[in-house]
Number of protein chains: 2
Amino acid sequence: MKKAAHLTRARQTAIFKALADPHRFELLLQIAKARCPLGCSQALASLPISAATLSHHIKELETAGLIDIRREGKFAYLSLRPGVLESVAASLQALESANCAGR
Amino acid sequence: MKKAAHLTRARQTAIFKALADPHRFELLLQIAKARCPLGCSQALASLPISAATLSHHIKELETAGLIDIRREGKFAYLSLRPGVLESVAASLQALESANCAGR
DNA sequence: TAATCAATTCGACAGTTGTCGAAATGTCGA
DNA sequence: TCGACATTTCGACAACTGTCGAATTGATTA
């Protein structure tokens, strides 16, 4: 198991903000669970939002560093950036472990 | 290691929203790292916000189910609710593991 | 070239949120 | 009882954000 990278607090809150919207979180779930990079149109078909709004959410996820976008001609393909969610998970787990309550 | 409880998506996004503000996240860090339940005044002294704003953030963290509040006379003491952050961490780790990219 | 299509950008709008000062509430000590 | 103190609530405000339709851009196809 590779050691998780350190994230600054500002980076962490930026990531939480990106995860805090239901539609955006659902989008990330789909990207994460897809076996291959998810196409924009595919994502659009599975979310009750307009193309404009989807584009906005994609940009937010990218800005937070959570996903990578590969553009090919007319199309765009979304994939999870490896290691980021893992780092966040490690931070939260460390927070819980640092605490002494309930133990 | 105890199995982490399941969180609904709505619950998860609510928690992320609570973690998404820098001052609120800092407050949670202080609560988590304190060796005993953190007093309100103590928290106030270490954050550049007014008492009114602090009270607001405390309520948000409590509503999200991240902390417990014990009131004693004039004072209020804040402590991490055990297991919640751990569950969130487990969810994020699972998301990362479900993905096949970068491996 | 013209038409079509995927995706993005623009402009606008309603709803939410972090923030504060001031007022209120409740508690303790003199 | 009275004043000081910790915390909360209230009212207001500026900034941010999710959303859409319409217009734009860029690429593919007829």
Side-chain angles (χ1 to χ4, degrees), chain A residues 9-31 34 36-81, chain B residues 9-31 34 36-81:
Chain A
R9 279 176 208 182
R11 179 88 198 281
Q12 285 182 72
T13 51
I15 290 175
F16 290 137
K17 199 173 68 172
L19 298 174
D21 177 79
H23 288 152
R24 203 150 56 211
F25 186 55
E26 180 64 35
L27 172 58
L28 191 74
L29 285 184
Q30 305 229 357
I31 294 173
C36 40
L38 193 71
C40 262
S41 306
Q42 213 173 333
L44 184 58
S46 65
L47 289 173
I49 57 177
S50 72
T53 303
L54 174 62
S55 194
H56 165 67
H57 285 319
I58 289 173
K59 175 163 298 201
E60 293 291 314
L61 289 179
E62 188 195 21
T63 299
L66 286 167
I67 64 171
D68 290 316
I69 309 182
R70 177 169 46 95
R71 286 168 225 275
E72 280 185 17
K74 292 198 290 190
F75 306 100
Y77 298 97
L78 317 172
S79 57
L80 207 60
R81 180 173 299 188
Chain B
R9 279 176 209 184
R11 179 89 198 283
Q12 286 183 70
T13 52
I15 290 176
F16 290 138
K17 198 172 68 170
L19 298 174
D21 177 80
H23 289 152
R24 203 151 56 212
F25 185 56
E26 181 65 33
L27 172 59
L28 190 75
L29 285 184
Q30 305 228 358
I31 294 172
C36 41
L38 192 72
C40 262
S41 306
Q42 213 173 335
L44 184 59
S46 65
L47 288 173
I49 57 177
S50 73
T53 302
L54 174 61
S55 193
H56 164 67
H57 285 320
I58 289 173
K59 175 162 298 203
E60 292 292 314
L61 289 178
E62 188 194 22
T63 300
L66 285 167
I67 65 171
D68 290 316
I69 309 182
R70 178 167 45 95
R71 286 168 227 272
E72 278 185 18
K74 292 199 287 191
F75 306 101
Y77 298 97
L78 317 172
S79 57
L80 208 58
R81 180 173 299 189

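Hydrogens, waters and symmetry mates play no part in the numbers below; they use all other heavy atoms, side chains included. Naming: A, B, ... by sequence-line order, numbering from 1 per chain.
Residues Cys40(A) and Ile58(A) have side chains in contact (heavy-atom distance under 4.5 Å, counting atoms from C-beta outward).
One finds a side-chain N or O of His57(A) lying less than 4.0 angstrom from the OP1 or OP2 phosphate oxygen of dT19(D).
Taking Arg11(B) as the reference, nothing meets the side-chain hydrogen bond (donor to acceptor under 3.5 Å, both in side chains) condition, with sequence neighbours excluded. Considering only residues two or more places apart in sequence or on other chains, Ala20(A) meets the side-chain contact (heavy atoms from CB on, under 4.5 Å) condition with Phe16(B), Lys17(B). By the side-chain hydrogen bond (donor to acceptor under 3.5 Å, both in side chains) test, Arg71(A) is found to be paired with no residue, residues two or more places apart in sequence or in another chain being considered. Every side-chain contact (heavy atoms from CB on, under 4.5 Å) that Ala34(A) has, sequence neighbours left out, goes to Leu38(A). A search for side-chain contact (heavy atoms from CB on, under 4.5 Å) contacts involving Leu44(A) returns Ala51(A), Leu54(A), not counting sequence neighbours. Take Asp21(B) and apply the side-chain hydrogen bond (donor to acceptor under 3.5 Å, both in side chains) test, not counting sequence neighbours, and it matches no residue.
For the atom pair Leu61(B) CG and Leu78(B) CG, the distance stands at 8.5 Å (nearest 0.5 Å).
Residues in residues 38-52 of chain A take part in these side chain to side chain donor-acceptor pair (under 3.5 Å) pairs, two or more places apart or across chains: Gln30(A)-Ser46(A), Ser50(A)-Thr53(A). Applying the side chain to side chain donor-acceptor pair (under 3.5 Å) test to residues at least two apart or on different chains, the pairs with a partner in residues 54-66 of chain B are Arg24(B)-His57(B).
Interface residues of residues 19-31 of chain B facing DNA chain D, ordered by number: none; criterion, heavy-atom separation under 4.0 Å.
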| request: Produce a footprint string for nucleotides 5-10 of chain D: one letter per nucleotide, 5' end first; B if the base is under 4.0 Å from any protein heavy atom, S if only the sugar-phosphate is, - if neither. | output: BSSBB-
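A nucleotide of DNA chain C counts as in contact with chain B when one of its atoms lies under 4.0 Å from a heavy atom; the first and last such, 5' to 3', are dT17(C) to dC28(C).
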